[in-house]
Amino acid sequence: MPRNKRESLIYTVLMCFTMVLWMSIYNVALHMGVLNFDTICAAWLGFPIAYVFAFCCDWFLVSGIAKGFAFRFLVKPDSSVMRKVICISSCMVVPMVIIMSMYGALCVKSGNWSLLFIIWLTNIPKNFIMALPFQLLIAGPLVRKVFRSLFPVGKVLA
């Protein structure tokens with residue numbers, strides 16, 4: 001877990017990259033109905049704007065709310081590190097899925113504004129069932145391992 005603002009920024013850059021790339025591929029595959037090289041290329045083309053949007057939402061909006069909720073209702077400062085990680089990660093996924101599902105709906109709305117709300121609502125459960133397990137089982141452990149390999153405790157100063 002990051003220990004200061006600089007570590008938190010670096011960690012967020014890595015985690016956002018991992019989650020947005022995977023979820024972009026997943027959503028494009030759902031939209032196209034197939035997972036192949038063209039799907040990955042289409043996801044990669046839309047990735048930069050989605051990444052910047054997701055990073056800004058994460059850093060400026062969701063992170064503070066999620067950590068506040070987690071520490072108020074789910075964990076205490078003396079809770080185990082793993083419990084904190086799971087609770088905060090879960091609290092981050094919920095609002096990010098809601099926000100990014102709207103972003104995705106806006107990207108594929110294809111001129112029909114009346115369907116935007118329905119597309120958004122149908123995207124939320126589809127994205128949630130992929131994002132939460134991916135975050136908890138793959139992205140979280142992978143990014144934490146890479147982060148601590150690159151930046152051992154105490155290397156990034158406050």
Side-chain angles (χ1 to χ4, degrees), residues 1-2 4-70 74 82 84-151 156:
M1 300 248 330
N4 58 50
K5 273 289 197 194
R6 285 186 186 168
E7 282 190 0
S8 188
L9 178 64
I10 295 165
Y11 182 83
T12 302
V13 166
L14 295 171
M15 183 59 75
C16 240
F17 181 90
T18 306
M19 287 299 295
V20 173
L21 181 60
W22 178 256
M23 293 304 293
S24 294
I25 294 168
Y26 171 72
N27 277 288
V28 171
L30 283 178
H31 183 70
M32 294 175 101
V34 64
L35 176 60
N36 57 23
F37 185 72
D38 292 335
T39 304
I40 295 169
C41 288
W44 183 252
L45 288 175
F47 171 76
I49 295 171
Y51 174 76
V52 170
F53 181 76
F55 179 85
C56 290
C57 289
D58 185 327
W59 187 254
F60 296 111
L61 179 67
V62 173
S63 181
I65 294 169
K67 288 175 185 173
F69 181 85
L74 304 175
M82 188 52 64
K84 289 179 194 176
V85 166
I86 291 170
C87 289
I88 292 170
S89 294
S90 299
C91 289
M92 293 285 291
V93 166
V94 173
M96 287 303 290
V97 162
I98 292 168
I99 293 167
M100 294 308 290
S101 293
M102 175 57 86
Y103 174 87
L106 288 168
C107 289
V108 297
K109 72 167 180 57
S110 65
N112 191 346
W113 286 97
S114 61
L115 290 178
L116 177 66
F117 187 68
I118 294 169
I119 293 169
W120 177 46
L121 289 180
T122 57
N123 281 350
I124 291 171
K126 291 177 192 174
N127 287 327
F128 187 76
I129 62 170
M130 176 57 75
L132 186 63
F134 184 73
Q135 165 64 289
L136 295 176
L137 301 174
I138 298 168
L142 176 68
V143 170
R144 282 191 300 278
K145 174 102 172 126
V146 168
F147 177 75
R148 278 301 163 212
S149 296
L150 295 172
F151 308 101
V156 178

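Everything numeric here is computed off the predicted structure, so don't read it as measured data.
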Residue pairs, two or more places apart or on separate chains, that pass side chain to side chain donor-acceptor pair (under 3.5 Å) and touch residues 30-42:
N36-T39
With a 4.5 Å cut-off on side-chain heavy atoms, are V20 and F55 touching?
no
Atom CD1 of I25 and atom CG of L21: how far apart are they, to the nearest 0.5 Å?
4.5 Å
What I'd like to find out is whether the side chain of C87 reaches to under 4.5 Å of the side chain of F69, using heavy atoms alone.
no
Output all residues satisfying side chain to side chain contact (heavy atoms under 4.5 Å, CB included) with L132, sequence neighbours left out; order by chain, then residue number.
S90, V93, F128, L136
Sequence neighbours excluded, the answer for ring-ring contact (aromatic ring centres under 6.0 Å, His included) partners of F53 is Y103
Around I49, counting heavy atoms of other residues, nucleotides and ligands shown, do more than 12 lie under 6.0 Å from its CD1?
no
Would you mind reporting whether D58 and M19 have side-chain heavy atoms less than 4.5 Å apart?
no
Where do P141 and Q135 come nearest, in terms of heavy atoms and distance?
CD-O, 4.0 Å
So CG of N27 and CG of N123: to nearest 0.5 Å the spacing works out to 6.0 Å
Should M92 and S63 count as side-chain neighbours, where that means a heavy-atom distance under 4.5 Å?
yes
Rounded distance [0.5 Å steps], NZ in K67 versus OG in S8
4.0 Å
W120 side chain to L106 backbone, donor-acceptor under 3.5 Å
no
Using ring-ring contact (aromatic ring centres under 6.0 Å, His included) as the criterion, list what pairs up with F147, not counting sequence neighbours.
Y11, F151
What residues, two or more places apart in sequence or in another chain, satisfy ring-ring contact (aromatic ring centres under 6.0 Å, His included) together with F47?
F17, W44, Y51
Residue pair M100 / N127, side-chain heavy-atom distance below 4.5 Å:
no
Under a 4.5 Å cut-off applied to non-hydrogen side-chain atoms, are Y26 and L35 in contact?
no
Partners meeting salt bridge (charged side-chain N to carboxylate O under 4.0 Å, His left out) with R148 (sequence neighbours left out)
E7
With side chains defined as the heavy atoms from C-beta onward, is the minimum distance between P133 and I129 less than 4.5 Å?
no
Can you name the closest pair of heavy atoms from C91 and L74 and give their distance?
SG-CD1, 3.5 Å
Is it the case that atom CH2 in W22 sees more than 12 heavy atoms from other parts of the structure closer than 6.0 Å?
no
What I'd like to find out is whether the side chain of I99 reaches to under 4.5 Å of the side chain of L61, using heavy atoms alone.
yes
Distance from N4 atom CG to L9 atom CG, nearest 0.5 Å?
10.0 Å
Interatomic spacing from CD1 in I10 to NZ in K5 - rounded to 0.5 Å:
13.0 Å
Quick one: CE on M15 to CE on M96, what's the gap to the nearest 0.5 Å?
11.5 Å
